[in-house]
Amino acid sequence: MQSLLPFAELIVFAVLLLVGYVAGRIAEKAHYRSIRKREKLFERVTVFSNRFPPTVSQPFQATLVCGSVVVSQDYFKAVAAGLYSIFGGRVRSYESLLDRARRESVLRMKHAAMRKGASMIVNVKFQTVQVPGSGVGAVELLAYGTALRPLA
Amino acid sequence: MILTNIEVIPGKRVVRHLGLVQGSTVRAKHVGRDFLASLKNIVGGELTGYTELLNEAREEATERMVRQAQAAGANAVLNVRFSTSSITQGAAELFAYGTAVVVE
């Protein structure tokens, strides 16, 4: 035990890295599964980044809808990103994190639109903000747009 | 009150423009939440507490904007935009703005 003491910091680091990697991987897989499932479920709501719907002649009821999510990195991703930033190039660990979060925010927005009986969302805007604060690595992803419910 | 982030309301005609309306709120998170978030930084995933906090704040900013629009006599706000900025360590401003109009 005594001989391990000088390496205590290294051991803590390794444990955190391992926990981050395993927990992060499991959570990511589960999240992607749930995203794919809900994307099928909400297929009926079409999302446009166009300002106006393709069929303008029809009367619609318009409401603003939002979807947002705050995601944090895991320890492994943070360390990996630190390494990437030395050599440059594509930071894959963050790419998947942001992809997942953005799709989640769109799904939440679609969910809000569906509850209002809308068939489409137009003029969708995205916003990504780093959550301010003491070393907490987290970003908020916001998606918002105008949900249109066709009036019969 | 109708809110949209496009310049029109499909099927409705704008009768009168009343100008820019805005609403904002500044929120700070508390230390407990920050501590939990830093733990979550090890395993990753959604920070539900923050999601709620920011959503609540955005709703409040929107509500303040709506109140300003109502005071001006509007019944709709068009071209609504959101903006979030961190002003200091641990505090963020949520800002909503749009054009107040009267639609028929």
Side-chain angles (χ1 to χ4, degrees), chain A residues 16-17 19-20 22-28 30-31 50-53 55-78 97 101 104 108 122-125 127-138 140 142 144-148 150-151, chain B residues 1-12 26-31 33-59 62 65-66 76-94 96 98 103:
Chain A
L16 284 179
L17 207 61
V19 167
V22 173
R25 270 309 266 284
I26 292 170
E28 185 156 288
H31 195 195
N50 300 15
R51 288 226 305 271
F52 301 111
T55 47
V56 196
S57 50
Q58 199 185 354
F60 288 106
Q61 191 191 39
T63 26
L64 194 70
V65 284
C66 298
S68 79
V69 59
V70 178
V71 286
S72 97
Q73 63 202 4
D74 58 54
Y75 198 77
F76 181 80
K77 278 185 196 293
L97 180 74
E104 178 73 41
R108 286 182 186 182
V122 295
N123 200 23
V124 172
K125 304 268 170 197
Q127 188 185 294
T128 313
V129 191
Q130 192 178 359
V131 173
S134 39
V136 179
E140 192 209 23
L142 168 72
Y144 63 102
T146 302
L148 297 174
L151 294 171
Chain B
M1 183 67 62
I2 306 168
L3 302 178
T4 77
N5 75 339
I6 47 182
E7 295 90 335
V8 294
I9 295 170
K12 287 204 167 100
V26 177
R27 291 290 177 97
K29 52 199 165 106
H30 62 77
V31 184
R33 255 186 189 156
D34 228 21
F35 177 68
L36 287 176
S38 63
L39 287 183
K40 196 78 197 250
N41 255 193
I42 296 167
V43 292
E46 180 179 1
L47 303 173
T48 326
Y50 283 180
T51 307
E52 276 164 25
L53 181 84
L54 288 168
N55 268 342
E56 260 168 44
R58 195 167 294 115
E59 265 163 38
T62 312
M65 176 186 74
V66 166
V77 183
L78 305 182
N79 216 358
V80 174
R81 295 284 147 93
F82 292 115
S83 131
T84 312
S85 42
S86 57
I87 18 186
T88 123
Q89 283 272 315
E93 190 208 26
L94 284 105
V103 293

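If you're wondering where the values come from, they're calculated on a predicted model, not measured in any experiment. In what follows, chains are A, B, ... by sequence order, proteins preceding strands, each numbered from 1.
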Please look at A:L151 and chain B and tell me whether the side chain, the backbone, both or neither of the residue comes under 4.5 angstrom of a heavy atom of that chain. neither
Minimal heavy-atom distance between A:A138 and B:L47, with the atoms involved, is CB-CD1, 3.5 Å
Does a donor on one side chain sit under 3.5 Å from an acceptor on the other, for A:Q127 and B:T84? yes
Taking the side chain as every heavy atom from C-beta outward, state whether B:V80 and A:Y144 have any atom pair closer than 4.5 Å. no
Part of B:R58 within contact of chain A (heavy atom distance under 4.5 Å): side chain
Quick check against the 3.5 Å criterion: does B:N5 have a side-chain atom that pairs as donor or acceptor with the backbone of A:N123? yes
Who among A:R51, A:E28, A:K125, A:E104 has the most heavy-atom pairs with chain B under 4.5 Å? A:R51
Does atom CZ (A:R25) have a neighbourhood of more than 12 heavy atoms from anything else shown, all under 6.0 Å? no
Below 4.5 Å from any heavy atom of chain B, which atoms of A:A62 appear? Answer side chain, backbone, both or neither. both
Between A:L17 and chain B, with a heavy-atom cut-off of 4.5 Å, which part of the residue counts as in contact: side chain, backbone, both or neither? neither
Within a strict 4.5 Å, meaning less than it, do heavy atoms of the B:T51 and A:R108 side chains meet? yes
Look only at the side chain of A:Y75 and the backbone of B:V43, and say whether a donor-acceptor pair between them is shorter than 3.5 Å. no
Looking at A:S68, A:G24, A:A101, which has the largest count of heavy-atom pairs under 4.5 Å with chain B? A:S68
Using modelled atom types only, decide if a donor and an acceptor are shared between the side chain of A:T146 and the backbone of B:T4 within a distance under 3.5 Å. no
For chain B, which candidate among A:L97, A:V124, A:V65, A:V71 shows the most heavy-atom pairs at distances under 4.5 Å? A:V71
Options A:A27, A:A147, A:G145, ranked by heavy-atom pairs under 4.5 Å with chain B, top entry: A:G145
Counting heavy-atom pairs under 4.5 Å to chain A, which of B:I42, B:T48, B:N55, B:T62 comes out on top? B:I42
Taking side chain as C-beta onward, heavy atoms only, is A:S72 less than 4.5 Å from B:Y50? no
Step-by-step side chain to side chain contact (heavy atoms under 4.5 Å, CB included) determination, B:I6 to A:V122: CA-CA 8 Å; B:I6 47 182; A:V122 295; 4.1 Å; yes
